[in-house]
Amino acid sequence: ILVLDNLGGSLKKSIRNIVGKGRISEKDVKELNKEIQRALLKSDVDVRMVKALTDRIKKRALDEKPPKGASAREHIINIVYDELVNIVGKGTEIPVEEQDIMLVGLQGSGKTTTAAKLAYYFKNKGLKTGVICADTHRPGAYSQLKKLCGEVNCLFYGEQESEDAVSVVKNGLKELNKTEVRIVDTAGRHSLESDLITEMEEIEETVGADRTYLVIDASIGKGVKKQANAFNDAIGIDGVIITKLDGTAKGGGALTAVSETDTKIAFIGSGEKYEEFEEFDPDSFISRLLG
Ligand code: GDP
């Protein structure tokens, strides 16, 4: 498994140290787990998730017999990889079909940028795509999104003077009824104020979104659990998009949102440009978390 073979530093060293044919020794598992914990905590993965993960690794490493012909090292690498994929999730199938998508998240998380990125993504798949600006709170949201849509060359609907996001969405859906993918960018929330939650619920009812993605900044810390649950309770989250993975943050905090909402990571944003966006790939995410 390449991900773990390509690691650097002390984690690799502790994997290298595992020798022999039979079962791995308890001392070696402990040593390895310590390195895994260190790496994951540094990447902001929740401490309880890390503990549960390394407990499972330890149990399996000591209980399970290596398959015939496999060395102790190969065996433990398989277990570690397997358990890591378990917490980060496999990639999700992104359907290339007619759909309404809603983006929610805190202000500054990268929703507006992501709306344009998604539009570009689906446009490249050959679908006629339009974006609706339902952010009537942040001055500048309208022109920012309009400009981005111009660059991506997709349809855009917004009402610069309107303060009624629900009515903008209604009009936008009507206006864009010839498109196949409609992406609704909602107002960023500073925190989860109740009036904004109500507005979000009304927008969700109007859109009847096929998919609602929670957009999360890779550097998100402790607040993630509360946030993810609040969004999920209000409108139901179908997947997570992690932004700004080009920065120093490793995005481990987003795993808490994934586990709290019982969803998966759908896309990764890795830059300000609309093409800096890709479907989630567990292998590269894992090597980043451990690296
Ligand atoms: P919104 O308030 O959630 O709509 O956030 P914006 O889309 O306006 O993004 C906030 C800032 O983050 C902007 O300066 C974006 O250019 C920047 N941004 C968004 N996504 C990324 C990303 O993946 N990488 C980097 N480096 N910057 C990003």
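Any value given below was found using the heavy atoms of this structure, including those in side chains, with hydrogens, waters and symmetry copies removed. Whatever order the structure lists ligands and atoms in, that order sets their numbers, starting from 1.
In terms of protein heavy-atom proximity, atom 10 (C) of ligand 1 is nearest to G108 O, 3.7 Å. Protein heavy atom nearest atom 27 (N) of ligand 1, with residue, atom name and distance: E272 CG, 3.4 Å. Distance from atom 5 (O) of ligand 1 to its nearest protein heavy atom, with residue and atom name: G110 N, 3.1 Å. Scanning the protein for heavy atoms near atom 26 (N) of ligand 1, the closest one is D246 OD2, 2.7 Å. Among all non-hydrogen protein atoms, the one lying nearest atom 19 (C) of ligand 1 is T113 OG1, 3.5 Å.
By the criterion of a heavy-atom distance under 4.0 Å, both the backbone and the side chain of T112 are placed next to ligand 1. When heavy-atom distances to ligand 1 are checked against a 4.0 Å cut-off, S270 comes that close only through its backbone atoms N, CA, C and O. By the criterion of a heavy-atom distance under 4.0 Å, neither the backbone nor the side chain of T114 is placed next to ligand 1. Of all the heavy atoms of K117, the ones lying under 4.0 Å from any atom of ligand 1 belong exclusively to the side chain.
A salt bridge links D55 with K51: the closest approach of a Lys/Arg side-chain nitrogen to an acidic carboxylate oxygen falls below 4.0 angstrom. Under the 4.0 Å criterion applied to side-chain N and carboxylate O atoms, K128 and E180 are not assigned as salt-bridge partners. D100 and R182 are joined by a salt bridge, as a carboxylate oxygen and a charged side-chain nitrogen come within less than 4.0 angstrom of each other. In this structure, K27 does not pair ionically with E31, as no charged nitrogen and carboxylate oxygen lie closer than 4.0 Å.
Using the six-membered ring where Trp is involved, F277 and F267 have ring planes that are parallel, under 30° apart on the 30 and 60° scheme.
Protein heavy atoms are found inside the 4.0 Å sphere centred on atom 21 (C) of ligand 1.
Taking every heavy atom of both residues into account, P67 and H75 meet most closely at CD-ND1, 3.5 Å. Closest approach of I265 and I268 over heavy atoms only: CG2-CD1, 4.1 Å. Smallest separation of non-hydrogen atoms from R211 and D238: CA-OD2, 3.3 Å.
Between S109 and ligand 1 there is a heavy-atom distance shorter than 4.0 Å. Using a 4.0 angstrom heavy-atom cutoff, G105 does not count as in contact with ligand 1.
Side chain of T179 to main chain of T129: no donor-acceptor pair is present (N/O by atom type, distance under 3.5 Å, no hydrogens or angles).
Across the listed options Q144, E276, K244, K244 owns the non-hydrogen atom lying nearest to atom 23 (O) of ligand 1.
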Evaluation steps, ring pair (Phe, Tyr, Trp, His ring centres under 6.0 Å), between Y142 and Y157 = CA-CA 9 Å; Y142 169 93; Y157 185 86; 8.9 Å; no

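The ligand atoms of ligand 1 that sit less than 4.0 angstrom from a heavy atom of G269 are 23 (O). Near L106, the atoms of ligand 1 lying under 4.0 angstrom from a non-hydrogen atom of the residue are 3 (O).
Below 3.5 Å of separation, one finds an N or O of K111 facing an N or O of ligand 1.
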